[in-house]
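Nothing here was measured: the structure is a model prediction, and the numbers come from that model.
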Amino acid sequence: MDKKSADEFIFAKLSGKLRKSFVGERTKLLFEPKSLSELWTLLFNTPAPVIPEIMLAQKIEIEAYNRFFSDYTDFVSLYDKPNPVIIDLLCEYEVENLKLVLAALCNEEQKIPPIADLRDFSQCNFANWPNIEKITQNTQFEWLNSVPDIHHINQIDFKLDIQVIKHLWKSLEHESGEIKTVMEDLFYTEFITKNLVWMLRLKIFYKMNNEQIINRLIYVTDCADEKDPVAGPIIHLLNVPLDEYDAWSHSKYHDLLNPFEPGVPWKINPLWIEKKNRVKLTRKAISYFHQYPMSVCTLVTWNKIKDYELSCIRAAVERIRLNIEPSEAMKTVGIPQDGGANG
């Protein structure tokens with residue numbers, strides 16, 4: 001289809017799907033089923049397969065992912081010339097596939113792990129398992145041509161993350177006007193908060209110094225320094241005391257902070273920030289989906305909305321498996337007790 005026809009068709013289809021998605025007020029429905037079979041039926045409107053519970057738990061997550069990827073790739077395929085950003089978004093999942101394959105190879109596993117089916121949009125040829133050189137041959141990841149030592153796997157994962165983040169950021173150069181501003185806001189919110197949470201984790205739990213932390217921040221330019229759009233603002237926060245609420249409450253991220261009670265010791269909580277931002281980003285995506293219809297924003301925001309829904313599905317599965325109270329499980333994905341992601 002030409003761009004205009006595809007934009008109109010995709011927005012109409014996804015508007016219908018959004019009404020049936022488990023976001024907003026419908027998010028809580030995921031935490032009502034008392035069994036995995038009930039959850040399967042709620043999600044897929046079919047009877048659950050008769051298999052052991054542990055297998056059904058995994059199958060629910062795989063089925064949810066596969067349906068999302070099937071929809072997404074079907075819609076991208078409708079364009080004669082898709083915008084680079086909606087293609088590049090799939091690179092995030094390609095990298096996750098590569099990480100799973102690398103981990104399996106490092107652990108000398110005999111079977112390829114379950115990976116997302118990106119169909120014709122996958123650069124890597126995973127049919128060549130277990131030959132990593134042939135898997136990545138003639139792709140942007142062909143530098144990854146041997147199985148790393150297991151002690152270096154984190155460094156490889158980080159290099160893959162940086163590569164896809166920089167590529168995704170650069171793809172925004174093809175957009176212009178309000179659409180570009182909106183997408184920059186979405187990606188900026190996502191990337192900078194990842195850096196904030198990661199910086200706090202490294203400082204609080206791993207006791208790393210500033211130099212060690214900077215070397216582990218994601219960036220979209222040539223390096224993580226004060227000039228980088230997503231690393232720079234976090235570098236400026238490295239010396240802010242972790243237990244001074246006033247200092248943090250005047251930052252750009254004050255709306256993500258864990259609550260402060262006068263007279264009660266306070267310390268910044270990265271897990272709280274991560275959960276709070278997950279909901280904030282989804283609300284932004286839902287808002288932009290409606291504000292900028294029939295544009296590249298439709299699939300970009302849909303991607304972010306579904307990413308949140310998939311994390312909620314995982315939490316719902318774990319709640320049933322581990323017999324956790326629904327209210328506690330909902331907290332793990334930042335669901336407000338008075339509403340869902342758009343509440």
Side-chain angles (χ1 to χ4, degrees), residues 14 16-75 90 92-119 121-122 124 126-127 129-130 271 274-275 278-279 282 302-335 337 340-341:
L14 290 185
K17 286 180 177 289
L18 181 57
R19 287 192 291 272
K20 297 176 182 178
S21 293
F22 294 94
V23 294
E25 292 300 319
R26 285 174 54 82
T27 315
K28 287 186 175 182
L29 296 177
L30 290 172
F31 299 88
E32 292 180 359
K34 294 179 172 57
S35 70
L36 291 174
S37 295
E38 286 182 35
L39 181 60
W40 175 282
T41 302
L42 173 68
L43 289 168
F44 310 124
N45 202 30
T46 61
V50 183
I51 53 177
E53 187 173 88
I54 191 166
M55 293 176 64
L56 183 57
Q58 185 181 48
K59 192 170 180 63
I60 288 173
E61 293 186 39
I62 292 172
E63 183 70 14
Y65 267 98
N66 285 344
R67 291 192 182 206
F68 161 62
F69 291 124
S70 178
D71 280 347
Y72 190 88
T73 52
D74 279 348
F75 288 129
L90 289 168
E92 292 183 312
Y93 303 103
E94 185 98 84
V95 160
E96 292 307 311
N97 282 347
L98 272 175
K99 288 179 183 178
L100 289 170
V101 165
L102 277 180
L105 290 172
C106 284
N107 290 316
E108 300 182 350
E109 294 177 16
Q110 299 303 305
K111 290 184 178 180
I112 188 170
I115 57 176
D117 182 7
L118 304 182
R119 305 199 300 192
F121 295 98
S122 180
C124 299
F126 293 103
W129 162 277
L271 182 59
E274 185 175 34
K275 292 186 293 185
R278 200 177 285 174
V279 175
T282 307
W302 177 251
N303 179 283
K304 299 303 176 190
I305 293 165
K306 292 300 287 186
D307 187 58
Y308 177 73
E309 184 190 51
L310 290 168
S311 69
C312 291
I313 291 172
R314 285 195 301 271
V317 168
E318 287 304 294
R319 179 196 84 74
I320 295 169
R321 286 189 62 240
L322 303 177
N323 197 27
I324 299 171
E325 285 295 319
S327 59
E328 292 303 310
M330 286 190 282
K331 287 179 185 177
T332 66
V333 284
I335 299 175
Q337 297 307 293

Nearest non-hydrogen partners of [X] and [Y], listed with the distance:
{"X": "Phe126", "Y": "Ser122", "value": "CE1-OG, 3.9 Å"}
{"X": "Ile324", "Y": "Ala329", "value": "CG2-N, 4.0 Å"}
{"X": "Gln110", "Y": "Glu108", "value": "NE2-O, 3.2 Å"}
{"X": "Pro114", "Y": "Leu100", "value": "O-CD1, 3.6 Å"}

Could you tell me the separation between the [atom1] atom of [X] and the [atom2] atom of [Y], rounded to the nearest 0.5 Å?
{"X": "Ile115", "Y": "Glu96", "atom1": "CD1", "atom2": "CD", "result": "12.0 Å"}
{"X": "Leu271", "Y": "Lys331", "atom1": "CG", "atom2": "NZ", "result": "12.0 Å"}
{"X": "Arg319", "Y": "Ser327", "atom1": "CZ", "atom2": "OG", "result": "9.5 Å"}
{"X": "Leu39", "Y": "Lys34", "atom1": "CG", "atom2": "NZ", "result": "12.5 Å"}
{"X": "Met55", "Y": "Ile62", "atom1": "CE", "atom2": "CD1", "result": "9.5 Å"}
{"X": "Ile51", "Y": "Ser37", "atom1": "CD1", "atom2": "OG", "result": "9.0 Å"}

Can you find a heavy atom in the side chain of [X] that is under 4.5 Å from one in the side chain of [Y]?
{"X": "Arg321", "Y": "Leu36", "result": "yes"}
{"X": "Trp302", "Y": "Lys17", "result": "yes"}
{"X": "Leu118", "Y": "Glu94", "result": "yes"}
{"X": "Pro113", "Y": "Trp129", "result": "yes"}
{"X": "Glu53", "Y": "Ser35", "result": "no"}
{"X": "Tyr93", "Y": "Asn303", "result": "yes"}
{"X": "Ile335", "Y": "Val279", "result": "no"}
{"X": "Asp117", "Y": "Phe69", "result": "no"}

Steps toward side-chain contact (heavy atoms from CB on, under 4.5 Å) verdict (Val23, Leu18): CA-CA 8 Å; Val23 294; Leu18 181 57; 3.9 Å; yes

Does atom [atom1] ([X]) have a neighbourhood of more than 12 heavy atoms from anything else shown, all under 6.0 Å?
{"X": "Asn107", "atom1": "CG", "value": "yes"}
{"X": "Lys59", "atom1": "NZ", "value": "no"}
{"X": "Leu322", "atom1": "CG", "value": "yes"}

Qualifying ring-ring contact (aromatic ring centres under 6.0 Å, His included) pairs with a residue from residues 34-56, counting only residues at least two apart or across chains: Trp40-Phe44

Counterpart residues, side chain to side chain donor-acceptor pair (under 3.5 Å), relative to Asn97 (two or more places apart):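 For Asn97, no residue satisfies side chain to side chain donor-acceptor pair (under 3.5 Å) once neighbours in sequence are set aside.
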
SB check Asp74 Arg119 (cutoff 4.0 Å): yes

Cationic N near anionic O, under 4.0 Å, Arg67 to Glu63: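 Yes, this pair counts.
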
Geometric cation-pi criterion, Arg26 with Phe22: 6.0 Å, 45°: yes

Check against side-chain contact (heavy atoms from CB on, under 4.5 Å), Thr41 and Thr46: CA-CA 5 Å; Thr41 302; Thr46 61; over 6 Å; no

Leu43 and Leu30: CA distance, side-chain angles, deciding distance, side-chain contact (heavy atoms from CB on, under 4.5 Å) verdict: CA-CA 8 Å; Leu43 289 168; Leu30 290 172; 3.6 Å; yes

Flag, side chain of Lys306 to backbone of Phe68, donor-acceptor distance under 3.5 Å: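 Flag not set: sc Lys306 to bb Phe68 has no pair under 3.5 Å.
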
Test log, rule side-chain contact (heavy atoms from CB on, under 4.5 Å), inputs Val333 and Arg278: CA-CA 7 Å; Val333 284; Arg278 200 177 285 174; 3.5 Å; yes

